[in-house]
Amino acid sequence: MLLAIDCGNTNTVFAIWDGDTFLATWRTSTEWQRTADQYYVWLTTLMRLQNVDVSIDAVIISSTVPRVVFNLRVLADRYFNCRPLVVGKPDCALPVPPRVDIGTQVGPDRLVNTAGAYHRHGGNLIVVDFGTATTFDVVETDGAYVGGVIAPGVNLSLEALHNAAAALPHVDITKPQSVVGTNTVACMQSGVFWGYIGLVREICARIKAERGSDMSVIATGGLAALFQQTETLFDAFEDDLTMHGLTVIHRHNKEIA
Ligand SMILES: Nc1ncnc2c1ncn2[C@@H]1O[C@H](COP(=O)(O)OP(=O)(O)OP(=O)(O)O)[C@@H](O)[C@H]1O
Ligand SMILES: CC(C)(CO)[C@@H](O)C(=O)NCCC(=O)O
Ligand SMILES: [K+]
């Protein structure tokens, strides 16, 4: 059984893959201080609660936070007796290598999203992931990651307003009733919500124009659904795209081993 770990700057998601489906998915906040023992207690408690009675014999990790990888490696080694595949490390092969400027360390989550989206949709895609940052990944017709766009995440944008301006409260994103806000919270939500609709539309249009091609736009990440409700920005929305990509990369490495 495969344990797939997607570690973002805000949250870390663990999923158990039986080769066919995900048996369970669990989320925790990302904290680099968390030890292998702490992960193991947390994980086995949830497994027991949900009657997931399986033995894990393989682990794959994608981490945008380099510091957490050490303890996740210890988790795999000490408790599951295996050497984990770590996306972005030389011993983890990708189905198609990225084509970017020399020396660029592409975020592993973007490489994973690329592999997952290409496996499901073929090439010529824009993958949009609404995480801590909002990333746009351009996937070539052959499945290579060839670049993209990094924008401040939705929650990060709202936090930035709160942190920088004494009179602006902490607010959560939601679809505002109107564009013109009649109170502070509504004004902030409008700025980020409608601003984001514009950001996504404009960036996708410009990528397509720059490449002279009508690409499919695939969205993932918790907040994608909120935007898609209002405007058809995406051709598909897939909640499990990153996890799916991890299973694709794991299978690829087994096949070439
Ligand atoms: N409708 C919604 N309104 C507000 N927040 C939402 C909504 N749906 C999902 N979320 C939040 O969006 C986040 C989505 O998680 P996702 O894994 O996409 O990114 P993240 O965990 O915030 O970032 P990272 O992966 O970079 O750590 C979660 O924190 C979830 O609570
Ligand atoms: C942009 C984030 C933070 C999104 O999670 C991550 O993919 C990352 O740290 N990327 C490194 C830089 C790059 O992808 O070009
Ligand atoms: K993510």
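Quantities reported herein were computed from a predicted structural model and do not represent experimental measurements. Both counts, for ligands and for their atoms, begin at 1 and track the order of listing.
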* For ligand 1, is L226 a contact, meaning one of its heavy atoms is under 4.0 Å away? -> no
* To do: Please report the shortest heavy-atom distance between V69 and S63, naming the atom on each side.
  => CG2-CB, 3.6 Å
* Should the heavy atoms of other residues, nucleotides or ligands under 6.0 Å from CZ of R99 be counted, would the total exceed 12? -> yes
* Evaluate the 4.0 Å heavy atom contact test for atom 14 (C) of ligand 1: does a protein atom fall under the cut-off? => yes
* Centres of the F234 and F227 rings: under 6.0 Å? -> no
* Counting each atom of ligand 2 from 1 as listed, which ones have a heavy atom of D109 under 4.0 Å away? -> 4 (C), 5 (O), 6 (C), 7 (O)
* Would you mind listing which atoms of ligand 2 come within a distance below 4.0 Å of any non-hydrogen atom of Q105? => 11 (C), 12 (C), 13 (C)
* Asked: Is the shortest N/O to N/O distance between T10 and ligand 1 below 3.5 Å?
  -> yes
* **Close N or O approach (D129, ligand 1; < 3.5 Å)** => no
* Considering non-hydrogen atoms only, spot the tightest contact between I197 and L233 and give its length. => O-CD2, 4.1 Å
* Shortest protein heavy-atom distance from atom 29 (O) of ligand 1, along with the residue and atom involved -> N11 ND2, 3.5 Å
* Asked: Would I207 end up clustered with Y118 when hydrophobic side chains under 4.5 Å apart are linked, directly or stepwise?
  -> no
* To do: Say whether Y145 and N113, considering side chains only, have a donor N or O and an acceptor N or O under 3.5 Å apart.
  => no
* Can you list the ligand 1 atoms lying under 4.0 Å from a non-hydrogen atom of G221? -> 18 (O)
* Asked: So, for atom 27 (O) of ligand 1, does the protein have a heavy atom nearer than 4.0 Å?
  -> yes
* Minimum heavy-atom separation for M188 to P169, with atom names? -> CE-O, 3.3 Å
* Structure fact -> If we number the atoms of ligand 1 from 1 as shown, the ones under 4.0 Å from a heavy atom of G131 are 19 (O), 23 (O), 26 (O)
* Asked: Where the side chain of Q189 meets the backbone of K175, is there a donor-acceptor pair that is under 3.5 Å apart?
  -> no
* Name the closest protein heavy atom to atom 15 (O) of ligand 2, giving the residue it belongs to and the distance to 0.1 Å. => R110 NH1, 3.4 Å
* Asked: Applying a strict 4.0 Å limit to heavy atoms, is L223 in contact with ligand 1?
  -> yes
* Rounded to the nearest 0.5 Å, how far apart are CG of L2 and CG of D57? -> 8.5 Å
* Asked: For ligand 2, which atoms have a heavy atom of T64 less than 4.0 angstrom away?
  -> 5 (O), 6 (C)
* Examine the side chains of T141 and N124 and answer whether a donor and an acceptor come within less than 3.5 Å of each other. => no
* Structure fact -> Between V149 and I203, the two heavy atoms sitting closest are CG1-CD1, 3.7 Å
* Atoms of ligand 1, numbered as shown, that sit under 4.0 Å from any heavy atom of F130 -> 18 (O), 19 (O)
* Protein residue, atom and distance nearest to atom 16 (P) of ligand 1, heavy-atom basis -> R27 NH1, 3.8 Å
* Taking distance alone, with no angle check, do G222 and ligand 1 share an N/O pair under 3.5 Å? -> yes
* Presence of salt bridge, E210 and R206, under 4.0 angstrom -> no
* Asked: Which residue supplies the protein heavy atom nearest to atom 25 (O) of ligand 1, what is that atom called, and how far is it?
  -> G8 CA, 3.9 Å
* Asked: Protein heavy-atom contact under 4.0 Å for atom 9 (C) of ligand 1?
  -> yes
* **Heteroatom distance test (G107, ligand 2): nitrogen or oxygen, under 3.5 angstrom** => yes
* Atoms in ligand 1 with a heavy atom of T132 nearer than 4.0 Å -> 23 (O), 24 (P), 26 (O), 27 (O)
* Asked: Step by step, would you call F14 with Y39 a ring pair (Phe, Tyr, Trp, His ring centres under 6.0 Å)?
  -> CA-CA 10 Å; F14 286 67; Y39 283 119; 5.7 Å; yes
* Asked: Side chain, backbone, both or neither: which part of N9 comes within less than 4.0 Å of ligand 2 when only heavy atoms are counted?
  -> side chain
* Mind checking whether T135 has a heavy atom under 4.0 Å from ligand 2? -> yes
